[in-house]
Structure formats: structure tokens, C-alpha cells
Trainee: 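What follows is a single structure, and I will ask about it in a moment.
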Amino acid sequence: MSSHQSDPLYSLVILRALPDHRDALLAALQRLIEPTRAEPGNQDYVLFESRSESGTFYMREAFDDQAALDTHFATPHFQAFAQGVDALLATPLELLFLDRRSE
């Protein structure tokens, strides 16, 4: 584990695609990965898809702190994603903040 003075801000985002929108949602999420990983303050940004529920995606995220996450939300790549994502989702996205309990 890295030696930060405070724990990073961990989150898990759950996104469920509308029927027939899985590929579009996947592509939109994949476009976020490289620019987000290049942001100052980003520690982790990994996309997963459920094996049992195709079209249900999980983005595991860690940022240095709330300021880094707020900066992420303001980036052009995230803003472009946010403007179009609702049309692809079967339910509103879920953003869960997590406390780390193991190494």
C-alpha cells in the first residue's frame, strides 16, 4: 500500500446498459480510461463487466482526495461522457464510496 498521509477516495460506479446499448456504453466507458489514468490525483481506474449480467459494468476508481475527484468530473472527457450516458442506461448510475478494510 502506498504511503499517503490520508487514504485515497475509493469508489465503485455501477452502470447497467439498456438492451441493445451494451456496445455503445462499453465504448463510452473505454474512452474514459486512458485520459482519466493520466489525470493528476488518479490512482486507479479499472473497468469490469459482470459475467452473469452482460451490459452491467463496474468502474473501480481511486483518487487522491475529493479535490482530485472533483477535477475529474470537470474534465472535457468526463463531461462529454456525462452528457450522453443517460441515454444508454437502463437505470441511473450508482456511485458507491468505499472504505478500504484490507491491504
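The first residue in the sequence is number 1, and the count goes up from there. Keep in mind that the numbers below use all heavy atoms, side chains included, and drop hydrogens, waters and symmetry copies.
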Trainee: Given 3.5 Å as the limit, does a donor-acceptor pair link the side chain of Thr36 with the main chain of Ile33, or not?
Mentor: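 No, the answer is negative, given that no donor and acceptor are paired below the 3.5 Å cut-off.
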
Trainee: Are any of the side-chain heavy atoms of Arg101 and Asp99 separated by less than 4.5 Å?
Mentor: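 The answer is yes, as the side chains (C-beta and beyond) meet within the 4.5 Å cut-off.
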
Trainee: If we only count heavy atoms from C-beta on, is the Leu25 to Leu89 side-chain gap below 4.5 Å?
Mentor: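 Answer yes - side chains close enough.
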
Trainee: Between Ala90 and Ala17, which heavy-atom pair has the shortest distance, and what is it?
Mentor: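 Reported closest heavy-atom pair: CB-O, 3.7 Å.
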
Trainee: List the steps, then state whether side chain to side chain contact (heavy atoms under 4.5 Å, CB included) holds for Leu15 with Val85.
Mentor: CA-CA 9 Å; Leu15 306 103; Val85 71; 4.2 Å; yes

Trainee: To the nearest 0.5 Å, tell me how far Arg16 CZ sits from Ser50 OG.
Mentor: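 Separation between the atoms: 9.0 Å.
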
Trainee: Specify the closest pair of heavy atoms between Ala28 and Leu88, including all atoms of both residues, with the distance to one decimal.
Mentor: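 Looking at all heavy atoms of both residues, the closest pair is CB-CD1, 4.5 Å.
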
Trainee: Apply the test side chain to side chain contact (heavy atoms under 4.5 Å, CB included) to residues Leu9 and Asp65: give CA-CA distance (whole Å), side-chain angles for both, the deciding distance (0.1 Å), then the verdict.
Mentor: CA-CA 5 Å; Leu9 186 62; Asp65 50 30; 5.8 Å; no

Trainee: Do Leu93 and Phe63 share a hydrophobic cluster, counting only Ile, Leu, Val, Met, Phe, Trp and Tyr and linking them when any side-chain heavy atoms are less than 4.5 Å apart?
Mentor: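 Yes, one cluster joins them.
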
Trainee: Gln79 side chain to Phe73 main-chain N or O, any donor-acceptor pair under 3.5 Å?
Mentor: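 The answer is yes, because a donor-acceptor pair under 3.5 Å joins these two groups.
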
Trainee: Test Phe48 against Leu12 for side chain to side chain contact (heavy atoms under 4.5 Å, CB included), laying out the working first.
Mentor: CA-CA 10 Å; Phe48 298 88; Leu12 184 66; 5.9 Å; no

Trainee: Check the hydrophobic clustering (I, L, V, M, F, W, Y; side-chain heavy atoms under 4.5 Å; chains of links allowed) and say if Phe78 and Tyr58 are grouped together.
Mentor: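 No, separate clusters.
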
Trainee: Verify, without hydrogens or angle tests, whether Gln43 (side chain) and Pro8 (backbone) share a donor-acceptor contact under 3.5 angstrom.
Mentor: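 Answer holds: no.
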
Trainee: State the CE-CG distance between Met59 and Leu95, to the nearest 0.5 angstrom.
Mentor: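 So the CE of Met59 and the CG of Leu95 are separated by 12.0 Å.
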
Trainee: Is it the case that Glu39 and His77 place a side-chain donor and acceptor less than 3.5 Å from each other?
Mentor: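 Short answer, yes.
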
Trainee: Does a side chain donor of either Tyr10 or Arg100 reach within less than 3.5 Å of an acceptor in the other side chain?
Mentor: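 A donor-acceptor contact under 3.5 Å links the two side chains.
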
Trainee: Which value, rounded to the nearest 0.5 Å, describes the distance between Leu96 atom CG and Leu98 atom CG?
Mentor: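 Those atoms lie 6.0 Å apart.
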
Trainee: Tell me, please, which residues at least two apart from Leu26 pass side chain to side chain contact (heavy atoms under 4.5 Å, CB included).
Mentor: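 Partners of Leu26 by the side chain to side chain contact (heavy atoms under 4.5 Å, CB included) criterion, ordered by chain and then number, come out as Arg22, Gln30, Leu47, Phe57.
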
Trainee: May I ask you to test the Tyr45-Arg60 pair for a side-chain heavy-atom distance under 4.5 Å?
Mentor: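 With C-beta onward as the side chain, the pair stays apart.
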
Trainee: Considering non-hydrogen atoms only, spot the tightest contact between Val13 and Glu61 and give its length.
Mentor: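 Reported closest heavy-atom pair: CG2-OE2, 3.5 Å.
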
Trainee: For Asn42 and Arg37, work out which heavy atoms get closest and say how close.
Mentor: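 Between these two residues, the closest heavy atoms are OD1-CA, 3.5 Å.
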
Trainee: Out of curiosity, Glu49 CD to Leu29 CG, how far, rounded to the nearest 0.5 Å?
Mentor: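 Here the interatomic distance stands at 10.0 Å.
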
Trainee: Looking at CD of Glu94 and OG of Ser11, how far apart are the two atoms once the value is rounded to the nearest 0.5 Å?
Mentor: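 It is 13.0 Å, given to the nearest 0.5 Å.
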
Trainee: Can you tell me how far the OG1 atom of Thr75 sits from the CG atom of Leu32, to the nearest 0.5 Å?
Mentor: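 It comes to 7.5 Å.
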
